[in-house]
> 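Below is the structure I would like to discuss, written out as structure tokens.
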Amino acid sequence: MKAMILRSFGGPEAFELCEVPKPVPQEGQVLVRVHATSINPLDYQVRRGDYPELVPLPAITGHDISGVVEDVGPGVTSFSAGDEVWYTPQIFDGPGSYAEYHVAAESIVGRKPAALSHLEAASLTLVGGTAWEALVVRAALRVGESILIHGGAGGVGHVAIQLAKAMGARVFTTVREANIEFVRSLGADVVIDYEKEGYVDAILRETGGRGVDVVFDTIGGSTLSLSPDALAQLGRVVTIVDIAQPQNLVQAWGKNASYHFVFTRQNRGKLDELSALVARGQLRPHVGAVYSLSDIPLAHARLESPNNGMRGKIAIAVGPSADLASVS
């Protein structure tokens, strides 16, 4: 099978398209013909070497899969050949999704929503699971509460807006001017152009000085450190970004705030909940661009570049390519 191999940590040029052995499903595993995957910030963080102790090289990376079951191992009862499925491979635990085939534990695989194409489904597994864990499990967002979603036009952000609206929340979000109408079309109630106005001032103005019940941070840095200033009393901050530098969060203490740091976990339950939202028309991922398996380096370079103009996700159509090298 063809696979994009990461031989060394570095820039997008560190990838090499190769021919590698097709995996064989073991006890409790399914073999999936990958139809699509997608690109996440986690993918380029892994590629550049942010987690070297967790990613033995050479490696097949990637964290989203939509495809069709080709074979099952002993003991598998939920799936059979021909089933359309979607899932996120176990992060930092074996080969990823940048390949024509993948094996996964039956327990983390879900049935692909019929309303989504493979490209759309592969654009939702990781970001959808992350948003679900952040808003439902950790923040425990309730009907009638308010939430600020930083980076509402991004991969996680645009899904979080739809999820928060489905949960009955009032949604604030930050974007640049070019994405204002996009996030409004997703259901955002109050849109803040962060290039023209500080979000803390905007939140306090729109809430009469109260602040929001939840802040969902997808950006980090000063965005995270200033978030307590936009919180209501007993508010919650949920972040999916590493804290690279120590931060003074004394303002959070004054708000009696709680903090939640999310590194999403893989399971079928979240996928089934997302599928239900898709079926009800309350959630749909936005595919902003599509690349081929051989063009994954280009897709990485685009997502990683500042001001890349992307909305939603970059999807990867996994298909034939003549540009092959051999694994030595």
Side-chain angles (χ1 to χ4, degrees), residues 2-4 6 15 23 30-47 55 59-69 84-105 107-113 115-134 154-160 163 218 240 262-268 270-275 277-278 283-293 295-300 302-304 310-319:
K2 302 177 186 74
M4 191 61 77
L6 182 65
F15 285 118
V30 296
L31 172 66
V32 176
R33 172 63 165 96
V34 180
H35 283 221
T37 182
S38 72
I39 309 294
N40 304 279
L42 176 61
D43 297 323
Y44 64 69
Q45 291 164 6
V46 168
R47 187 211 71 230
V55 185
I60 300 174
T61 60
H63 298 93
D64 296 281
I65 286 177
S66 182
V68 176
V69 174
E84 293 191 328
V85 295
W86 67 330
Y87 61 98
T88 295
Q90 292 284 10
I91 300 173
F92 302 137
D93 186 17
S97 61
Y98 295 172
E100 292 182 316
Y101 292 89
H102 186 266
V103 291
S107 60
I108 69 169
V109 176
R111 294 188 179 276
K112 182 184 79 66
L116 298 184
S117 68
H118 284 294
L119 289 170
E120 290 174 317
S123 298
L124 184 57
T125 60
L126 181 59
V127 297
T130 298
W132 181 273
E133 188 151 344
V156 176
H158 89 288
V159 171
L163 178 56
T218 68
I240 60 172
V262 173
F263 187 85
T264 189
R265 298 160 291 183
Q266 286 65 62
N267 63 65
R268 186 187 301 164
K270 286 189 294 187
L271 294 173
D272 290 345
E273 297 285 1
L274 295 169
S275 291
L277 290 173
V278 169
L283 176 62
R284 194 171 198 98
H286 177 79
V287 178
V290 179
Y291 289 78
S292 67
L293 180 65
D295 285 335
I296 280 177
L298 297 177
H300 268 243
R302 180 172 182 183
L303 185 62
E304 196 172 8
M310 280 299 306
R311 295 174 179 173
K313 293 292 297 295
I314 295 177
I316 304 297
V318 180

> Are the side chains of H63 and V46 in contact, using a 4.5 Å heavy-atom criterion?
yes
> Contact between V278 and L124 at the side-chain level, heavy atoms closer than 4.5 Å - yes or no?
yes
> Is Q266 reaching over with its side chain to a backbone N or O of Q90, donor-acceptor style, under 3.5 angstrom?
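Here the side-chain-to-backbone pair does not exist.
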> Quick check: do N40 and D43 have side-chain heavy atoms less than 4.5 Å from each other?
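Yes - at least one pair of side-chain heavy atoms lies under 4.5 Å apart.
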> Is the backbone N or O of I316 less than 3.5 Å from a side-chain atom of T37, with the two atoms forming a donor-acceptor pair by type?
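No, the answer is negative, given that no donor and acceptor are paired below the 3.5 Å cut-off.
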> Measuring from atom CD1 of I240 to atom CD of E133, what distance do you get when rounded to the nearest 0.5 angstrom?
11.0 Å
> Given L283 and V159, is the side-chain contact (heavy atoms from CB on, under 4.5 Å) satisfied, shown in steps?
CA-CA 7 Å; L283 176 62; V159 171; 3.9 Å; yes
> Checking E84 against V68 for the side-chain contact (heavy atoms from CB on, under 4.5 Å) test, could you report, in this order, the C-alpha distance in whole Å, the side-chain angles of both residues, the deciding distance, and whether it holds?
CA-CA 4 Å; E84 293 191 328; V68 176; 4.1 Å; yes
> Distance check, rounded to the nearest 0.5 Å: D272 atom CG versus W132 atom CH2?
10.5 Å
> So, for L119 and A315, which heavy atoms are closest and what is the spacing to 0.1 Å?
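Nearest heavy atoms, L119 then A315: CD2-CB, 3.8 Å.
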> May I ask you to decide if W86's main-chain N or O and T125's side chain share a donor-acceptor pair within less than 3.5 Å?
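No; zero donor-acceptor contacts below 3.5 Å.
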> Determine whether I65 and V109 make a side-chain contact, defined as any pair of heavy atoms from C-beta on separated by less than 4.5 Å.
no
> So, taking the atom named OG in S97 and the one named CE in M4, what distance separates them when rounded to the nearest 0.5 Å?
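So the OG of S97 and the CE of M4 are separated by 11.5 Å.
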> Considering all heavy atoms of both residues, which atom of H300 and which atom of Y98 are nearest to each other, and what is their separation?
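Looking at all heavy atoms of both residues, the shortest contact is NE2-OH, 3.0 Å.
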> Distance from I314 atom CD1 to L303 atom CG, nearest 0.5 Å?
5.0 Å
> Could you tell me if the side chain of Y291 sits less than 4.5 Å from the side chain of I39, heavy atoms only?
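Sidechains of Y291 and I39: no contact.
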> For S123, does its backbone N or O pair with a side-chain atom of D64 as donor and acceptor, under 3.5 Å?
no
> Please work out which of the three classes, parallel, tilted or perpendicular, describes the rings of H118 and H35, given edges at 30° and 60°.
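Tilted.
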> State the CD1-OH distance between I60 and Y101, to the nearest 0.5 angstrom.
13.5 Å
> For H286, does its backbone N or O pair with a side-chain atom of H158 as donor and acceptor, under 3.5 Å?
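Yes, H158 side chain to H286 backbone: donor-acceptor pair under 3.5 Å.
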> Do K313 and P285 touch side chain to side chain, with heavy atoms closer than 4.5 Å?
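K313 does not reach P285 side chain to side chain.
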> Could you walk me through whether I91 and L42 pass side-chain contact (heavy atoms from CB on, under 4.5 Å), step by step?
CA-CA 10 Å; I91 300 173; L42 176 61; 4.1 Å; yes
> Counting only N and O atoms by type, is there a donor-acceptor contact under 3.5 Å from the side chain of R47 to the main-chain atoms of F15?
no
> Quick one, Y87 and V30 - any side-chain contact, counting heavy atoms below 4.5 Å?
no
